[in-house]
Protein chains: 2
Amino acid sequence: MKLDTRLSLVLHALLHMAGHGRTMTSADLALCMDTNPVVVRRTMAGLRRAGLVRSEKGHGGGWTLGRELAEISLRDVYAALGSPAVFALGNHTESPGCLIERAINDRLDGALREAEALLVARLGELTLADIWSGIADPFMAHQQRRKDHSHDQ
Amino acid sequence: MKLDTRLSLVLHALLHMAGHGRTMTSADLALCMDTNPVVVRRTMAGLRRAGLVRSEKGHGGGWTLGRELAEISLRDVYAALGSPAVFALGNHTESPGCLIERAINDRLDGALREAEALLVARLGELTLADIWSGIADPFMAHQQRRKDHSHDQ
DNA sequence: CAGAATCGTAACTAATAAAGTTACATGAAA
DNA sequence: TTTCATGTAACTTTATTAGTTACGATTCTG
């Protein structure tokens, strides 16, 4: 089944924005993420509505972070996307008349809800700053060199 | 995203088989489950290979349980289906060169693996007998009446 | 003010996988 | 030998994200 990769996509965007340090356009981000600027804008729309990022139109416009990395949990980002369905597994009939099917739905739903609760809790424990701090030193050095160079110009 | 309802479907089939007590054809099951006999056969194929059910061709053939309800956990059934993907959420790029994306994948994968492990563990704790015993008394009585009536004939 | 850069969004296409359907070969019983 | 079943291939349908095209609205620059 085809996966929903929007959470992965916007997390990638947010951390590239943090690494870049300045406004990035949808086209910049699309290049980093090997996708299309419209996909970036469409997917980031929820984050803008939630205040996690800001966007500016017009010449010199683009995307900036709306909060510190440490103040954005993965759960915040997931919620800003509209809390999309976590599971690919589901019930064959959602409100069945059959008592057998209802009993099955109840049990499966129970197990799925537990797993979803654990997942969302874990996402709530992780901030963008946690991920950022885990990124390997070589990359940090690379980013730093890029910043230094751009400041020279 | 469209859901994979095969687990729900075959659990429903197994418990109807248990309730019915005798061989049921794919057409019988398809009626119970409001689907197509070919969908039943296709989906049950994995359960046959795993020994959870048996099938007989030809006149008087059909499906029978291969084990006691108490000896079949939901995890067994899930595994017999080929352990289909649990999550609708996934990584945008599975093996990215970008260090940021790798860090994101690592974190997301970790959280998803934990949630999946919990789900599979819960499925392992539940047997078909557990679900069967939870089905409301009115239905049990209904099934019993049907059995008695068919024995009278 | 003209023009370029940029987002916002609608509308369409592509890709994917389960579900549903049709068709037919195989096998078993009456 | 006919009928009733399963087994399976192949095709259609459906739903959803991803990708693309197009264009309007906005904002900076010269």
Side-chain angles (χ1 to χ4, degrees), chain A residues 1-10 12-13 17 22-49 53-64 66 78 81-94, chain B residues 1-10 12-13 17 20 22-50 53-64 66 78 81-94:
Chain A
M1 174 163 293
K2 203 172 134 190
L3 299 176
D4 177 351
T5 63
R6 286 176 294 180
L7 180 58
S8 164
L9 186 89
V10 294
H12 193 181
M17 286 162 63
R22 282 161 292 146
T23 297
M24 288 183 82
T25 67
S26 303
D28 293 337
L29 290 168
L31 267 181
C32 290
M33 299 145 78
D34 198 32
T35 183
N36 187 294
V38 177
V39 172
V40 172
R41 288 200 283 269
R42 183 202 288 154
T43 313
M44 297 281 278
L47 276 64
R48 174 171 21 83
R49 281 190 291 270
V53 296
R54 282 188 289 267
S55 65
E56 301 288 343
K57 286 181 176 177
H59 199 131
W63 300 89
T64 47
Y78 169 71
L81 289 173
S83 303
V86 168
F87 295 108
L89 262 37
N91 296 324
H92 189 256
T93 306
E94 214 45 65
Chain B
M1 170 168 295
K2 205 173 135 191
L3 300 175
D4 177 350
T5 64
R6 287 175 293 180
L7 180 58
S8 165
L9 186 90
V10 295
H12 194 182
M17 286 164 63
H20 197 71
R22 282 160 292 147
T23 296
M24 289 183 82
T25 66
S26 303
D28 294 336
L29 290 169
L31 267 180
C32 292
M33 299 145 77
D34 196 32
T35 183
N36 187 293
V38 176
V39 171
V40 172
R41 289 201 281 273
R42 182 202 287 154
T43 313
M44 297 281 279
L47 278 64
R48 174 170 22 82
R49 282 190 290 269
V53 296
R54 281 187 289 267
S55 65
E56 301 287 344
K57 286 182 176 178
H59 201 129
W63 300 88
T64 47
Y78 170 71
L81 290 172
S83 302
V86 169
F87 296 108
L89 262 38
N91 296 324
H92 189 256
T93 306
E94 214 46 63

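To find a chain, count down the sequence lines: A is the first, B the second, and so on, and within it residues start at 1.
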>> Using a distance-only criterion (donor-acceptor N/O pair, under 3.5 Å, no hydrogens), is the base of D:dT14 paired with the side chain of B:Lys2?
In response: yes
Polar atom pairs (N or O), protein with nucleotides 8-10 of chain D, under 3.5 Å:
residue: D:dA10; atom: N6; partner: B:Arg42; partner atom: NH2; Å: 3.2

> Stepwise, does the side chain to side chain contact (heavy atoms under 4.5 Å, CB included) test hold for A:Val39 with A:Leu9?
Replying inline: CA-CA 10 Å; A:Val39 172; A:Leu9 186 89; 4.0 Å; yes
>> My understanding is that only residues two or more places apart in sequence, or in another chain, count here; which of them pass side-chain hydrogen bond (donor to acceptor under 3.5 Å, both in side chains) with A:Glu56?
In response: none
> A:Met24 has an atom CE; how far is it from atom P of C:dA5, in whole Å?
Replying inline: 18 Å
> Counting just side-chain N and O atoms, does A:Thr25 come under 4.0 Å of either OP1 or OP2 of C:dA5?
Replying inline: no
> Taking all non-hydrogen atoms of both residues, which atom of A:Leu3 and which atom of B:Phe87 are closest, and how far apart?
Replying inline: CD2-O, 3.4 Å
>> Rounded to whole Å, how long is the line connecting atom CG of A:Asn91 with atom P of C:dA18?
In response: 17 Å
>> Minimum heavy-atom separation for A:Ala85 and B:Ala88, please, with both atom names.
In response: O-CB, 3.7 Å
>> With side-chain hydrogen bond (donor to acceptor under 3.5 Å, both in side chains) as the rule and sequence neighbours excluded, what pairs involving residues 26-42 of chain A come up?
In response: A:Thr25-A:Asp28, A:Ser26-A:Trp63
> Does the side chain of B:Met24 come within less than 4.5 Å of B:Cys32's, by heavy atoms?
Replying inline: yes
> Can you list the residues that meet the side chain to side chain contact (heavy atoms under 4.5 Å, CB included) rule with B:Thr23, with sequence neighbours excluded?
Replying inline: B:Thr64
>> If the condition is side-chain hydrogen bond (donor to acceptor under 3.5 Å, both in side chains), which residues does A:Arg48 pass it with, not counting sequence neighbours?
In response: A:Ser55
> Can you check the B:Arg54 CZ to D:dG7 P distance for me, whole Å?
Replying inline: 14 Å
> Between B:His92 (NE2) and D:dG19 (C1'), how many Å, whole number?
Replying inline: 10 Å
Identify each atom pair where a protein N or O and an N or O of nucleotides 27-30 of chain C are less than 3.5 Å apart, giving names and distance.
residue: C:dG27; atom: N2; partner: B:Gly58; partner atom: N; Å: 3.1

> So which of residues 26-37 of chain B are in contact with DNA chain C, with a heavy-atom cut-off of under 4.0 Å?
Replying inline: B:Thr35, B:Asn36
>> Show every side-chain hydrogen bond (donor to acceptor under 3.5 Å, both in side chains) that has at least one partner inside residues 84-93 of chain A, sequence neighbours left out.
In response: A:Asn91-A:Glu94, A:Asn91-A:Asp109, A:Thr93-A:Glu101
>> Rounded to whole Å, how long is the line connecting atom CG of A:Leu3 with atom P of C:dT16?
In response: 12 Å
>> Using whole Å, what does the distance between atom P of nucleotide D:dT16 and atom CZ of A:Arg6 come to?
In response: 11 Å
> Can you name the nearest heavy-atom pair linking A:Pro37 to A:Ala27, along with the distance?
Replying inline: CG-CA, 4.0 Å
>> Looking at C:dA19, I'd like to know if its phosphate oxygens (OP1 or OP2) sit under 4.0 Å from a side-chain N or O belonging to B:Thr43.
In response: no
> Taking OP1 and OP2 of C:dA18, is either one under 4.0 Å from a side-chain nitrogen or oxygen of B:Thr5?
Replying inline: no
> Taking side chain as C-beta onward, heavy atoms only, is A:Leu81 less than 4.5 Å from A:Asp4?
Replying inline: no
